[in-house]
Amino acid sequence: MERVDVAIVGGGPAGACAAERAAAHGAETVLFEQGVPREDRDGLGPDSTDAAGMLDYWIDIMDFDYREIPDDVILRELDATEFVGPSSRLELATTGIDTDYPRFGYTFHRARMDDWLHERATDAGADLRVGTGVKSLETDLRASSPKGPTHTLTLSDGDRLEAQYVVLADGPQRRITLEALDQFTPPGRSVSDHLSPPEANHIAYQEYREFPPELFEENRLKFWWGYMPGETAYPWVFPNDGTVARVGLTMPIGMDLEDVSNPGAYALLEPTDDQLPSGAEYVRRLLELEYGDEYDIETDIPIVEDRGKSKGTETYPISSTRPIDSPVGANIAVAGGAMGTTSAFHEGGYHVAVRTGKIAGRLAATDSLENYNEVWKRAIGDEIVRNVAFADIVAEYEPDDWDRAFETVADMQSPERGNAILDRTYAAGIGATKLLAAYKRRKFSYRDGRYVQLTEDEYFY
């Protein structure tokens, strides 16, 4: 049987970065990626996809010098993001977090970014087997290895491979992760209970559309909140190259129209609806609402069919849960979306996937994987707390709540409010004070890593 030091399941950002770091630190490393075709890629590649926007401080979280990233990966430099409520608008021109990146952020070509990470891993000496998936993973807790448990991977082609360490990076689908971790949970309990509850899972859909030049906003992201029902359900427009933009949305899986208490309050629902619209129908309605008075949507803002996964469209899962620890005592690390670091609230999690993958690969290669749970919390804990705290606060928001929130934040940004954030908050009135207090309470509730929903000491070996 073939034997390696580190085996990685999944070739998205977490897996590719784990492979690069493990190989760079001298470990014999192999990565398995089942692979899917895309209109904008030659050959197979990772299936995980998102709207592909990067904020300034996310580059620091990825632990990259922004000048390393190839020019053809970056599509548009961004100066701001705009949030549109039912009767309000809010523009943010800064994330408020110190960073070296000189702009608000950028949009990027996801397939090219993934391919660049694969090139880095290959150059470091990792063996990337794209087109070969993993069918199952068995862990031998009583292995005679001086480094502890070993693992046997059964591959899609029937071959088997033994690895000392495994990094599970198979994204929010978690085709291998759930079963692999369930062997370490007590009877009657499953990792699926933590990572795959229906109420925390979302589906995202987007289309590549060619906009008339006069409508194309090249340097800003745009989000519509309070336009469609569901927790963290919202449409967006992301500018790409030329005058092509990605128009998409995220919405909860399994939500029905009967679950909506006030459907008439949502601009993208219609009185004749007998069920919630599909992703494509939501996009059409958004474009009609914004531009339909002057433009024919299908002829003036057409789908660009040579982009994305299939004929200019993409559908992909986002598992918006809180993260889990890894069973490091079994020589297993879980990274990126597989561990629950993605978030529908901020549309994906490429940056935290890259960073957790880097950490997992480096520690596996240096026989230090027992430190993984502690190290990833130091690296991305603040980001996770921000995401889950904000998501909790807005979980029950309805259209009027979004208007009040945007008006409050706009008031807080007003130049006459002073410089200090507390000065701006108190001057903006009781609404701002309540918003800040709610955020602080949520953050405090997740202190000391309490945002982790399955801790290391809950695994059984």
Side-chain angles (χ1 to χ4, degrees), residues 55 57-58 61 83 92 95-97 172 181 185 189-202 225-226 230-234 250 252 318-327 334-349 351-353 355-356 359 372-398 401-402 404-406 408-409 412 420-422 424-426 428-459:
L55 300 182
Y57 76 94
W58 290 2
I61 288 178
F83 299 98
L92 294 180
T95 60
I97 298 175
L181 298 191
T185 57
R189 190 174 182 185
S190 170
V191 177
S192 295
D193 299 336
H194 300 273
L195 289 177
S196 294
E199 66 271 15
N201 285 324
H202 293 69
W225 287 92
E231 182 180 345
T232 56
Y234 57 93
T250 179
I318 300 176
S319 181
S320 191
T321 64
R322 291 184 287 117
I324 63 168
D325 275 340
S326 293
V334 193
M339 67 184 287
T341 58
T342 56
S343 168
F345 183 73
H346 66 51
E347 177 49 36
H351 56 310
V352 290
R355 187 61 176 275
T356 54
I359 294 168
Y372 175 64
N373 293 319
E374 176 185 352
V375 176
W376 75 252
K377 291 184 183 75
R378 290 203 303 266
I380 67 167
D382 289 345
E383 174 74 345
I384 298 297
V385 169
R386 278 189 291 268
N387 293 339
V388 297
F390 277 124
D392 285 352
I393 289 171
V394 305
E396 303 299 325
Y397 270 25
E398 294 191 354
D401 299 306
W402 286 109
R404 282 192 291 271
F406 292 157
T408 296
V409 175
M412 291 168 65
I421 183 64
L422 288 181
R424 295 199 300 271
T425 301
Y426 295 135
I430 189 66
T433 304
K434 287 183 176 179
L435 192 63
L436 181 62
Y439 177 59
K440 286 186 173 181
R441 284 195 301 272
R442 291 292 184 177
K443 285 188 67 177
F444 184 74
S445 71
Y446 290 120
R447 68 192 183 280
D448 301 325
R450 295 180 188 179
Y451 51 83
V452 173
Q453 59 170 328
L454 177 62
T455 60
E456 182 180 343
D457 59 9
E458 294 179 85
Y459 290 107

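When reading the values below, keep in mind they use all heavy atoms of this one structure, side chains included, and skip hydrogens, waters and symmetry mates.
With sequence neighbours excluded, the residues satisfying side chain to side chain contact (heavy atoms under 4.5 Å, CB included) with K377 are D325, N373, Y451, V452. Residues meeting the side chain to side chain contact (heavy atoms under 4.5 Å, CB included) test with Y397, sequence neighbours left out: I393, V394, D401, W402, A405, L435. Every residue was checked against the ring-ring contact (aromatic ring centres under 6.0 Å, His included) condition with F444, not counting sequence neighbours, and none meets it.
Judged by distance alone, with hydrogens and angles left aside, the side-chain atoms of N387 form no donor-acceptor pair with the main-chain N or O of I384 at under 3.5 Å. Under a 3.5 Å cut-off, the side chain of S326 and the backbone N or O of V334 do form a donor-acceptor pair. Of the possible polar contacts, one joining the T341 side chain to the G336 backbone as a donor-acceptor pair under 3.5 Å is found. Remark: the backbone N or O of T455 is paired with a side-chain donor or acceptor of E458 at under 3.5 angstrom. For the pair Q453 (side chain) and R322 (backbone), a donor-acceptor distance under 3.5 Å is present.
In this structure, CZ on F390 lies 12.5 Å from CZ on R442, to the nearest 0.5 angstrom. To the nearest 0.5 Å, atom NE2 of residue H351 and atom CG of residue L55 are 7.5 Å apart. Here CE of M339 is found 14.0 Å from NE2 of H194. Values are rounded to the nearest 0.5 Å. Between I359 atom CD1 and Y372 atom OH the span is 6.5 Å, to the nearest 0.5 Å. For the atom pair I61 CD1 and T356 OG1, the distance stands at 11.0 Å (nearest 0.5 Å).
Judged purely by distance below 3.5 Å, without hydrogens or angles, the side chains of H202 and E231 never pair a donor atom with an acceptor atom.
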Given the rule in the side-chain contact (heavy atoms from CB on, under 4.5 Å) test, do V352 and E383 qualify, once you have shown the distances and angles that lead to the verdict? CA-CA 8 Å; V352 290; E383 174 74 345; 4.1 Å; yes
Go through R189 and L454 one step at a time and tell me if the side-chain contact (heavy atoms from CB on, under 4.5 Å) criterion holds. CA-CA 11 Å; R189 190 174 182 185; L454 177 62; 3.7 Å; yes
So I324 and L181, side-chain contact (heavy atoms from CB on, under 4.5 Å) or not? Walk me through it. CA-CA 11 Å; I324 63 168; L181 298 191; 3.7 Å; yes
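Closest approach of P252 to G230, counting heavy atoms only: CG-CA, 3.9 Å. Taking each heavy atom of W225 and T232 in turn, the nearest pair found is CZ3-CA, 4.0 Å.
A 4.5 Å side-chain heavy-atom check between R441 and D392 finds every atom pair outside the cut-off.
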